[in-house]
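First comes the structure, then the notes that go with it.
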Amino acid sequence: MSFPSNFTWGAATSAYQIEGAPDADGKGPSVWDRFTRRPGKVWNGCTGDLACDHYHRYAEDVAIMADIGLQAYRFSLSWPRILPDGVGRVNEAGLGFYDRLVDELLAKKITPWATLFHWDYPWELYCRGGWLHPDSPKWFSEYTAVVVDRLSDRVRHWMTLNEPPCFVGLGLQSGDHAPGDKLGLPEVLRAAHHTLLAHGRSVQVIRARAKTPPLIGWAPTGDVPVPATESASDIEAARERAFAVTDTSMWNPVLWLDPVYKGRYPEDGLRLWGDAMPRHSEADLALISQPLDWFGYNLYNGYRVRRAEDGSVQRLERPLGAPLTHLYWNITPEVLYWGPKFWHERYGLPVVITENGCSGADWVHRDGQVPDPHRIDYTARYLEQFRRAAADGVAAAGYFHWSLLDNFEWSEGYRQRFGLVHVDYPTGKRTPKSSARWYAEVIRSNGERL
Ligand code: IFM
């Protein structure tokens with residue numbers, strides 16, 4: 001059994017995690033450039049200053065992608081590399097970098113999938129209020145216009161925002177990520193509403209200005225509940241939980257999904273948030289729910305639920321000793337069956353897994369190879385489930401492995417390795433791991449040989 005014939009196989013990265021060159025050629029600072037300077041915020045004081053030096057080594061990296069046989073590459077653009085102050089003055093040299101990257105990809109027949117924002121928010125705009133500022137959606141749309149004007153003759157696949165639960169939840173609510181704020185619920189919900197408006201405005205700008213017909217999505221994230229058994233009642237319990245707001249964190253996926261795909265905030269969320277929810281209009285919701293072409297989702301983790309005797313949805317404890325990645329994330333491959341199934345039922349769009357993968361403690365062995373059987377096993381198990389979803393009628397449209405390269409894993413610094421390709425940071429040397437060779441075969445067989 002293989003995947004649909006038009007399925008897209010790719011790998012993903014993001015600008016701050018791989019590019020380095022934090023102030024090269026006129027780039028402005030981002031909140032991550034500043035946050036990594038704060039003692040105790042990132043493991044071992046790591047920064048993205050050098051990262052994979054992809055800014056200088058992009059051609060080598062594209063050649064590696066071509067060797068693996070990637071059909072598509074998902075990357076993000078650094079907003080402050082292009083607009084050093086976030087708005088206004090355009091940095092030609094910064095745009096030039098993405099120009100060259102896109103050309104290199106196309107020369108190797110790899111389709112570029114561009115993400116406009118993957119967390120490296122311009123520092124100057126943060127100082128003006130960041131996502132709390134009512135103009136923040138406009139700022140993002142201005143940036144979108146600059147990028148789309150420049151790249152849309154060659155780029156057709158666009159994503160607006162990557163993982164708002166992280167840059168709003170971890171960045172503004174818990175303070176674990178840049179900019180490191182710990183705001184109250186009213187401020188956090190205000191920022192969340194602005195990011196959704198920013199998404200909507202950005203989609204409008206892409207549609208209005210793109211020079212080739214665009215295919216637009218975005219890349220939210222969040223854990224997916226899986227039914228403890230395949231009984232009708234447990235499945236219904238999982239479906240119910242998948243679209244419920246159960247607490248005031250930013251980690252209830254429906255908070256992001258329903259406004260974008262249905263044009264409404266979830267009722268249970270509105271009840272829970274109460275007065276903390278900013279005033280918003282029907283026009284806001286119409287703007288947020290611009291039609292999208294596909295349903296993107298970064299999916300890693302899940303948890304089991306069952307229907308309890310009193311009718312409630314019960315979340316089950318992890319079985320003792322259940323498998324974990326190096327980052328202590330649950331290995332729950334069934335999320336790639338149930339997630340796509342539930343989303344496809346509710347939102348009706350083709351599903352693209354915009355990220356999935358696992359961290360490991362991979363090193364170069366004495367023979368020069370980097371064996372990573374855990375990553376192969378992890379990915380095969382997840383892909384089997386996605387393939388099962390496709391066989392059950394879900395429109396499975398694409399899969400992007402996170403990540404192409406080992407890279408800067410945010411507050412974890414460089415201690416987590418997510419790449420198909422090992423990076424020796426002091427020298428920059430790239431070594432494809434055994435998973436890269438395995439993934440090449442997966443792509444060649446369109447997912448038949450997992
Ligand atoms: O590295 C991150 C990425 O930036 C966003 N999604 C999850 C990955 C692994 O934590």
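All ligand and atom numbering here is 1-based and tracks the order in the structure.
Of the heavy atoms in E355, only side-chain atoms (C-beta onward) come closer than 4.0 Å to ligand 1. With a 4.0 Å cut-off on non-hydrogen atoms, W329 touches ligand 1 through its side chain and not its backbone.
A side chain to side chain donor-acceptor pair (under 3.5 Å) with D362 is found for exactly one of R375, H422, H326, R417, namely R375. For the side chain to side chain donor-acceptor pair (under 3.5 Å) criterion with N252, the lone passing option out of D268, T246, D223 is T246.
At least one heavy atom of H118 sits under 4.0 Å from some atom of ligand 1.
Residue-ligand proximity, W402 to ligand 1, at heavy-atom distances under 4.0 Å covers atoms 1 (O), 2 (C), 3 (C), 4 (O), 8 (C), 9 (C). In summary, the atoms of ligand 1 found under 4.0 Å from a heavy atom of E409, numbered by their order in the structure, are 1 (O), 2 (C), 9 (C), 10 (O). Counting atoms of ligand 1 from 1 in the listed order, those under 4.0 Å from a heavy atom of F418 are 9 (C), 10 (O).
Looking only at atom types and distance, the side chain of R74 has a donor-acceptor partner in the side chain of N162 under 3.5 Å away. Side-chain contact, Y73 with T13: a donor N or O sits under 3.5 Å from an acceptor N or O. Judged purely by distance below 3.5 Å, without hydrogens or angles, the side chains of D406 and Y414 never pair a donor atom with an acceptor atom. Remark: the D25 side chain and the Y55 side chain contain an N/O donor-acceptor pair separated by less than 3.5 Å.
Among the atoms of W410, some N or O lies under 3.5 angstrom from an N or O of ligand 1.
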